[in-house]
Amino acid sequence: MEKYLCVLGIESSCDETGVALVDVHGNHLPVLLAHALYSQIEMHQAYGGVVPELASRDHIRRVLPLTEQVLAESDRTLADVDVVAFTRGPGLAGALLVGAGVACALGAALGKPVLGVHHLEGHLLSPFLSADPPQFPFVALLVSGGHTQLMQVDGVGRYLILGETIDDAAGEAFDKSAKLLGLGYPGGPALAKLAQSGYPTAFKLPRPLLHSDNLDFSFAGLKTAVMVQAKKCAAAQNCGVEALPTETLAGLAASTQAAIVEVLVKKSLAALKQTQLQRLVVAGGVGANRNLREQLNAECARRGVRVHYPELHLCTDNGAMIAMAAAMRLQSGQQKASEVYAFDVKPRWPLDAIGA
Ligand code: KG4
Ligand code: ZN
C-alpha cells in the first residue's frame with residue numbers, strides 16, 4: 001500500500017452519526033486525528049426505542065456538519081482525504097444508505113476511492129485505538145446491542161467464530177430487562193447504574209447455556225425470568241412493576257446484570273482455554289459495563305491473560321472505529337478501496353462472510 005493515507009470514516013448504522021479521520025503511515029498503527037459523534041438517543045427516547053425512519057433523517061442532518069468538524073479539528077480539508085470509508089452493514093437499511101450515499105458522493109466528487117466497512121469489524125478493531133493496543137492473535141468477546149460472539153482473531157480479516165448467541169444479544173438482554181423495569185431507553189447503562197445499589201444475589205435468575213459444552217449464548221429466556229420475578233414482587237406489593245420500591249428494582253437490576261456478566265465471563269474463559277490463547281479483547285457497547293470489566297480483569301489476572309478494551313467513549317458506535325477498520329484493512333492488503341461509486345448496503349451481514 002501507499003506510504004501515507006488519510007482515511008475519512010462515516011458510521012450511520014443505527015442511532016449514532018459518527019465521523020473520523022485517521023492517518024496511516026506505512027505499516028505503523030493508524031493514528032486517530034479527530035472524531036465527532038452525534039447521538040440520537042434523546043430523539044428516540046420518547047418512543048422507547050430506535051425509530052428507523054427518524055434515524056435515517058437525522059443522519060442526513062448531521063453527517064456533513066460532523067465531517068466539517070473533524071476536518072477543522074484535524075486542520076485538513078476534503079482535498080487531503082485519500083479514501084472515504086463508510087459502514088456498509090449490518091444495521092438499519094435506511095440509516096446505512098445515508099452514510100453509504102454521502103461517502104460515495106464525496107468519493108465521486110473528490111475523485112477518491114471508497115471502502116465499505118463491516119460494523120462489527122469496526123467494534124472488533126476499536127481497541128487498537130486505545131493507549132494499550134492488543135497484538136494478534138487474541139480471543140474477542142464482541143458484545144453489542146445486536147450481536148454476541150466469541151471469536152478467534154488471528155489478524156485483520158482472519159476471524160473464526162467460536163460461539164454466538166442463538167437468540168437475543170447481551171445488549172438486547174440489558175435493554176429488554178431495563179425496559180420492563182421501567183428504565184427506558186437505552187436500557188443497558190440505566191440498568192447498570194441502578195444495579196450499583198442492589199444485591200446481585202437478591203433474585204435467582206437463570207444462567208442460560210452456562211454449562212453447555214459449546215461457546216454459544218442464549219439470553220432470550222432471561223428477560224422472561226426477570227419479568228416473572230418483577231411481577232411476583234409487584235403482585236405482593238399490590239402495585240405495578242414501575243412503582244416497586246427502588247431497593248427491589250435495584251435488586252432486580254443487579255441480579256440481571258450478574259446473570260449476564262457471569263455467562264459472558266465464564267464463556268470467555270472457556271474460549272481462552274479452548275484456543276490456548278493468552279489475550280482477550282472485549283468490544284461493543286456492553287464492553288462499557290463496569291461490572292463486566294471488573295470481573296473479566298480479576299479472572300484474567302488470575303490466569304495471566306491480558307485483557308484489552310476500547311477507550312470507554314469508543315465502546316458504543318462511533319466513526320473512529322470505522323476509519324480505523326478501513327485503515328487496517330487497507331494496510332493488511334485485505335481490501336482495496338474502490339472507484340466504483342454505485343453503492344449497496346448489507347443490513348444483514350455475518351462477520352465471517354466479510355469477503356463476500
Ligand atoms: O455497540 P453498540 O453501541 O451498538 C450496536 O452495534 O448494537 O451497543 C449498544 C448496546 C446497547 O444494548 C446498550 O444498552 C449496551 O450496548 N450498553 C451497555 C452499557 N453501555 C452500553 N450495556 C451494559 N452496560 C453498559 N454500561
Ligand atoms: Zn455497534
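Start at 1 and go down the list; that is how both ligands and their atoms are numbered.
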Check your understanding: Tell me: protein heavy atom nearest atom 6 (O) of ligand 1, and distance?
Key -> H119 NE2, 3.1 Å
Practice item. Give the residue, atom name and distance (to 0.1 Å) of the protein heavy atom nearest atom 24 (N) of ligand 1. Key: N289 ND2, 3.0 Å
Review point. Considering all heavy atoms of both residues, which atom of A271 and which atom of L162 are nearest to each other, and what is their separation?
Key: CB-CD1, 4.1 Å
Check your understanding: Protein N, O or S atoms at less than 2.8 Å from the Zn ion (ligand 2), how many?
Key -> 3
**Study point:** F138 ring center near F136 ring center (under 6.0 Å)
**Key:** yes
Practice item. For this output row, return yes or no: ring centroids of H119 and H147 closer than 6.0 angstrom. Key: no
Return the option from [options] holding the heavy atom at the smallest distance from [atom].
atom	options	answer
atom 5 (C) of ligand 1	S126, G145, P90	G145
atom 3 (O) of ligand 1	V50, V261, D317, D15	D317
atom 20 (N) of ligand 1	G285, G188, C315	G285

Which atoms of ligand 1 sit under 4.0 Å from any heavy atom of [X]?
X	result
G171	12 (O)
D175	11 (C), 12 (O), 13 (C), 14 (O)
T316	3 (O)
G146	7 (O)

Side chains of [X] and [Y], heavy atoms from C-beta outward: is any pair under 4.5 Å?
X	Y	result
L330	K336	no
H118	T87	no
L21	L71	yes

Review point. So H44 and Y185, would you call those rings parallel, tilted or perpendicular, with 30° and 60° as cut-offs?
Key: perpendicular
For a quick test of your reading: what N or O donor-acceptor pairs under 3.5 Å do the side chains of residues 299-312 make, sequence neighbours left out?
from, atom 1, to, atom 2, distance (Å)
E299, OE1, R302, NH1, 3.3
E299, OE1, R303, NH1, 2.8
E299, OE2, R302, NH1, 3.3
R303, NH1, E299, O, 2.9
R306, NH2, D132, OD1, 3.0
R306, NH2, D132, OD2, 2.6
H308, ND1, D132, O, 2.9
H308, NE2, R279, NH1, 2.8
Y309, OH, R293, O, 3.3
Y309, OH, N297, OD1, 2.7
E311, OE2, A131, N, 3.2

Check your understanding: Quick one: does ligand 1 sit under 4.0 Å from the side chain of H123, the backbone, both or neither, non-hydrogen atoms only?
Key -> side chain
Could you go through residues 223-247 and list every donor-acceptor pair under 3.5 Å that involves a side-chain atom there, pairing it with any protein atom two or more places apart or in another chain?
from, atom 1, to, atom 2, distance (Å)
K223, NZ, D168, OD2, 2.9
K223, NZ, A220, O, 3.2
Q229, NE2, K204, O, 3.0

Exercise for review: Kindly state each residue pair satisfying ring pair (Phe, Tyr, Trp, His ring centres under 6.0 Å) with at least one member in residues 68-101, sequence neighbours excluded.
Suggested key: none
Review point. Does E16 reach ligand 1, in the sense of a heavy atom lying below 4.0 Å from it?
Key: no
Review point. Between Q69 and T67, does any side-chain donor sit less than 3.5 Å from a side-chain acceptor?
Key: no
